[in-house]
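Reviewing the structure listed below.
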Amino acid sequence: METLFGDQLEQSVASSGSFADIILPVPIPKMFTYKIPRSLKEEIGIGYRVIVQFGKKKILTGIVGKVHQKPPTAYDAKPILDVLESHASVNPVQIRFWAWMAQYYCCHIGEVMNAALPSGLKLSSESKIQLNPTFDPDTCAYPLDEREEVLLKALQKKEEMSFEDCESVLGIKSIHGIIKSLVIKEAVVVFEQVKEKYSPKVENRIRLTSNFVEDKSSLEKLFHEISTKPKQEEILLKYLQEVPVYRQAGLNKNGLEKKVLTDAGMSTSSLKTLIKNGVLEEFKIIVSRFEDEAGSDSPIVLTHKQLEAQVKIKEAFEKKHTVLLHGITGSGKTELYITLIQEALQGGSQVLMLLPEIALTTHMVSRLRQVFGSSMGVYHSKYSDNERVEVWNGLLSGKFSFVVGVRSSIFLPFDSLGLLIVDEEHESSYKQYDPAPRFHARDAAIMLAWLHQAKTLLGSATPSFESFYNARTDKYGYASLDKRYGEAQLPEFHLADMLIDKKKNLLKLDFTRLMREKIQEALVNQEQVLIFQNRRGYAPYVSCEDCGWIPECEHCDVSLTYHQFGEEMRCHYCGFREKVPHVCPGCGSSKISAVGVGTERIEESLSLLFPEARIARMDLDTTRSKYGYQRLLDDFGAGNVDILVGTQMITKGLDFDRVTVVGVMDADRILYFPDFRAGERAFQQITQVAGRAGRRGKKGHVVIQSRRPEQAIFHQIISGDYRNFYLQEMGERQRFFYPPFVKMIKVSTRHKDYKTAERAARHLHNLMAEIQVKKILLGPEKGLIGKIKNQYIFESVVKLDRSSHAQAHFKQELQQQLEALQAEKDFRSVRFIVDVDPY
DNA sequence: AGCACGCCGACT
DNA sequence: GTCGGCGTGCTC
């Protein structure tokens, strides 16, 4: 009976039309069902980009996730307005990948879509107004004021106007009221115009009209005719010189860039005349934003060690999907990557290589460019949106089969990935923090590889403990490169005790005697120095010397960061800024001074200690512009800088032979960070920066300043004993239940009211405690930063059993609990943020 | 997330 | 009296 009824239902539905579940870029945990109009029925499939109306006003780009015959019961589905392309923009593997990501990282598929599509592929709609055709100013029941009259006049000429047009016509900013009143008076109507944001780059070109190409004698005749007009003759000669049509008639088809002629100082008016007389014609073509470059085919010759590693990797790939390549700095991982990429490409597969953002502008990319030329796409966060869309489309069209890119390039539309490489796999910048999806690109890459049945190679000089653990437990394959390239030697390490120097009065402006001596030596020998301090700005904060008062942000629970520029204090969380007061508001003292050390301050100290040295600084503040980073690198490479002070950034990709001294200003700052990964991170960062010292021939020196130089970690770093360090730290992690022995999930609760935030967090905590999974639950505690942007934060940490079953179960339950909590009216405005594998 | 609907304070 | 504050509810 039931089946029969079901069948009948199916049938009646099938005749009533098809439906599509559409992924929309909104943070709502579901897809939305729309009707497929009969006219679009043949043109729609999974992964197609469509336009739909969402809510009363919004027009959105959506991606078809599913096509079916089941009409929604509770509501009437709206129709799909249009299909944007005749092909799927997003392939089925991508959709599965999105779905996995939403599930694994506890976020909504719309949020994944938002992160995945370059904004150039998302539509924007613009509100425009137009005259109401039924409107007659003479019979209008309402009087119109002056401005309204002006707008209506303008509209009669232009037919339609954007709000911005209205602003410029009236010369005022607040036009909303006027438009609203005109709408009420039924004089105009407002409508939404949908726009594609991506615009291809168009080039103006010039070519001979066809009659001069087909018939050679006509060209001779032409030259004869214009011999009295030298300007025109010059243009024609230039054209024929650039485009030798007489030798190869086909060349004329693509013509010559107009700019070539005008830039060469040819007369534009003569050019116009030639066009007018039908000799030349102007046309437009769509060109790539990326320059064409040929790759070199000079084969890469691997060293014996590299070959060994290569064989090992390939053997491991036979049995494992993922292989960890543990190669110390300067061991030639790049060459190894190149040969593997070439092989994969020759096998007809696509290749994706991930790099941390700061490494992407360097050496590695130019090296790859040399080999792969313009068949390699580069996907960088500093690229414009149009450029990103071109990489996206280049992949769809087959122009690129190899892409190097940052974290977000895992979302590009690959359809046949064969190999993924994650270089500097341990880098924490692979984890996206702030907007959901809070994913880790390395882990997501491994999943993506699985979906494509591709292989993943993780490379690092200092692997993350997670990856090393996976290699040791045989989940991943393992290969190592432990010999430096050429005759490069390991640097000599020096530990400098800051406390002892301070007692002996040898600590000058935060520099120990040893550090100063080594720098001096390098300067005398005309060698370069790198100074590493993991904090930008001048000094972390200011403080009153008399009463200890420290200024704090009004909206967040943090002290304000001091910036020397403008004598200002800023909040790094909400952007609040304030002038440094002249007198302490607590005690009236005027002794307010900067405390702590940032790169800016070190730069200043260095110029006092070494007045003759040329000093530069490299941090977020000096490299914000698109080429700022490259300029600094070039300057340093050219030897125009003696000492370079910097944050993390200097640990990447700098490959200069003349660096002989590397200084770590404050190793304790990294080591005593309140996080279980602090040790691992300190090891990685110090090892990485030390790797910059003394590459070819000359031995380098690394000076590490610390208040407790006797700690074991320093000796492990010095001897390069990653293994022992790992084993020791892992002992701790196992004892105290930290990853990789457990799966961590952090849940934050935010609300503007302290009590509500706390209550909601408690509530959630209790609900989580009831989920039947092996786990340890910590919290809820006030966040490390208790308040951000006037929102109080409480955090619970879940340490879960590692089994995927436990994880899936817990996440599913958690999602349900969260939905239920949000439905309670007390917690309606509370925000819950789930961060899986927080970093 | 946005955006509309709806109920209470300071302005013409 | 109204303009506008943001609490709350919904989006196929």
Side-chain angles (χ1 to χ4, degrees), chain A residues 13 16-37 40-41 44 46 48-83 98 102 105-117 119 122-127 142 145 163 174-181 183-184 190-192 194 432 434-438 555 748 750-753 755-757 759-760 789-791 815 818-834:
Chain A
V13 166
S16 74
S18 326
F19 297 86
D21 289 348
I22 292 176
I23 306 166
L24 291 174
V26 288
I28 302 165
K30 55 182 171 182
M31 295 209 248
F32 292 86
T33 307
Y34 284 82
K35 232 184 302 201
I36 302 175
L40 296 175
K41 210 163 183 172
I44 278 185
I46 289 178
Y48 279 60
R49 246 172 9 123
V50 293
I51 303 177
V52 292
Q53 172 127 58
F54 185 68
K56 285 207 165 112
K57 267 208 143 151
K58 268 179 300 190
I59 287 180
L60 294 175
T61 314
I63 299 287
V64 177
K66 200 177 158 192
V67 177
H68 58 86
Q69 307 294 320
K70 215 162 55 205
T73 45
Y75 54 89
D76 205 22
K78 283 184 184 170
I80 289 171
L81 299 178
D82 211 348
V83 185
W98 293 4
Y105 288 106
C106 298
C107 66
H108 314 309
I109 198 159
E111 293 172 313
V112 181
M113 172 189 170
N114 231 347
L117 287 188
S119 49
K122 287 176 255 172
L123 292 171
S124 67
S125 72
E126 192 184 14
S127 300
Y142 315 94
D145 76 15
F163 283 18
S174 51
I175 42 124
H176 263 87
I178 297 161
I179 290 173
K180 205 172 167 188
S181 125
V183 171
I184 292 166
V190 176
F191 67 101
E192 294 290 306
V194 179
Q432 171 152 319
D434 197 20
R438 299 179 170 76
H555 317 287
S748 331
R750 298 187 176 197
H751 194 264
K752 63 173 161 45
D753 179 57
K755 277 262 155 2
T756 311
R759 269 182 44 236
K789 293 183 196 167
N790 285 324
Q791 299 248 311
Q815 293 277 35
L818 286 178
E819 263 175 62
L821 263 183
Q822 294 263 256
E824 275 181 49
K825 64 174 186 302
D826 288 9
F827 302 139
R828 195 64 46 100
S829 53
V830 176
R831 292 255 295 135
F832 297 103
I833 295 162
V834 183

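Sequence lines set the chain letters: A, B, ... in the order given, protein chains first and strands last, and positions in each chain run from 1. Everything numeric here is computed off the predicted structure, so don't read it as measured data. Values below: every heavy atom of this structure, side chains too, minus hydrogens, waters and symmetry copies.
For A:S119, the side chain to side chain contact (heavy atoms under 4.5 Å, CB included) test picks out A:K122, A:K197, A:D385, with sequence neighbours left out. The side chain to side chain contact (heavy atoms under 4.5 Å, CB included) check on A:A20 picks up A:I22, A:I36, A:V64, A:I80, with sequence neighbours excluded. Here A:D21 pairs with A:M31, A:T33, A:K66, A:H68 under the side chain to side chain contact (heavy atoms under 4.5 Å, CB included) rule; sequence neighbours left out. Residues meeting the ring-ring contact (aromatic ring centres under 6.0 Å, His included) test with A:F832, sequence neighbours left out: none. Partners of A:S748 by side chain to side chain donor-acceptor pair (under 3.5 Å), not counting sequence neighbours: none found. The side chain to side chain contact (heavy atoms under 4.5 Å, CB included) search around A:R438 returns A:K431, A:D434, A:A436, A:I833, A:D835, not counting sequence neighbours. For A:Q432, the side chain to side chain donor-acceptor pair (under 3.5 Å) partners two or more places apart in sequence, or in a different chain, are A:R407. Annotation: side chain to side chain donor-acceptor pair (under 3.5 Å) contacts of A:H108 (sequence neighbours excluded): none.
Distance CD1 (A:I833) to P (B:dA1): 9 Å, rounded to an integer number of Å. Summarising the geometry, the separation between NE2 on A:H108 and C1' on B:dA1 is reported as 10 Å, rounded to the nearest angstrom. For the pair A:I59 CD1 and B:dA1 C1', the interatomic distance rounds to 17 Å; values are reported in whole Å. Counting to the nearest Å, the C1' atom of C:dT8 and the NE2 atom of A:H751 are 12 Å from each other.
For the side-chain hydrogen bond (donor to acceptor under 3.5 Å, both in side chains) criterion with A:S829, the lone passing option out of A:R750, A:H751, A:Q822 is A:H751.
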Produce the list of close N/O pairs, under 3.5 Å, pairing protein atoms with atoms of nucleotides 10-12 of chain C; give distances to one decimal.
{"residue": "C:dT11", "atom": "O3'", "partner": "A:G55", "partner atom": "N", "Å": "3.2"}
{"residue": "C:dC12", "atom": "OP1", "partner": "A:Y34", "partner atom": "OH", "Å": "3.4"}
{"residue": "C:dC12", "atom": "OP1", "partner": "A:G55", "partner atom": "N", "Å": "3.3"}
{"residue": "C:dC12", "atom": "OP2", "partner": "A:G55", "partner atom": "N", "Å": "3.4"}
{"residue": "C:dC12", "atom": "OP2", "partner": "A:K78", "partner atom": "NZ", "Å": "2.4"}
{"residue": "C:dC12", "atom": "O3'", "partner": "A:T33", "partner atom": "O", "Å": "2.8"}
{"residue": "C:dC12", "atom": "O3'", "partner": "A:K78", "partner atom": "N", "Å": "2.8"}
{"residue": "C:dC12", "atom": "O2", "partner": "A:T33", "partner atom": "N", "Å": "2.9"}
{"residue": "C:dC12", "atom": "O2", "partner": "A:Y75", "partner atom": "OH", "Å": "2.1"}
{"residue": "C:dC12", "atom": "N3", "partner": "A:Y75", "partner atom": "OH", "Å": "3.1"}
{"residue": "C:dC12", "atom": "N4", "partner": "A:K30", "partner atom": "NZ", "Å": "2.9"}

Distances for protein N or O near nucleotides 5-7 of chain C N or O, under 3.5 Å:
none

List every contact pair, protein side and nucleotides 7-9 of chain B side both N or O, where the distance is under 3.5 Å.
none

Side-chain donor-acceptor contacts of residues 48-56 of chain A below 3.5 Å, not counting sequence neighbours, with atom names and distances?
{"residue": "A:R49", "atom": "NE", "partner": "A:E85", "partner atom": "OE1", "Å": "3.3"}
{"residue": "A:R49", "atom": "NE", "partner": "A:E85", "partner atom": "OE2", "Å": "3.4"}
{"residue": "A:R49", "atom": "NH1", "partner": "A:L121", "partner atom": "O", "Å": "2.3"}
{"residue": "A:R49", "atom": "NH2", "partner": "A:E85", "partner atom": "OE2", "Å": "2.8"}
{"residue": "A:R49", "atom": "NH2", "partner": "A:E196", "partner atom": "OE2", "Å": "2.8"}
{"residue": "A:Q53", "atom": "NE2", "partner": "A:K56", "partner atom": "O", "Å": "3.2"}

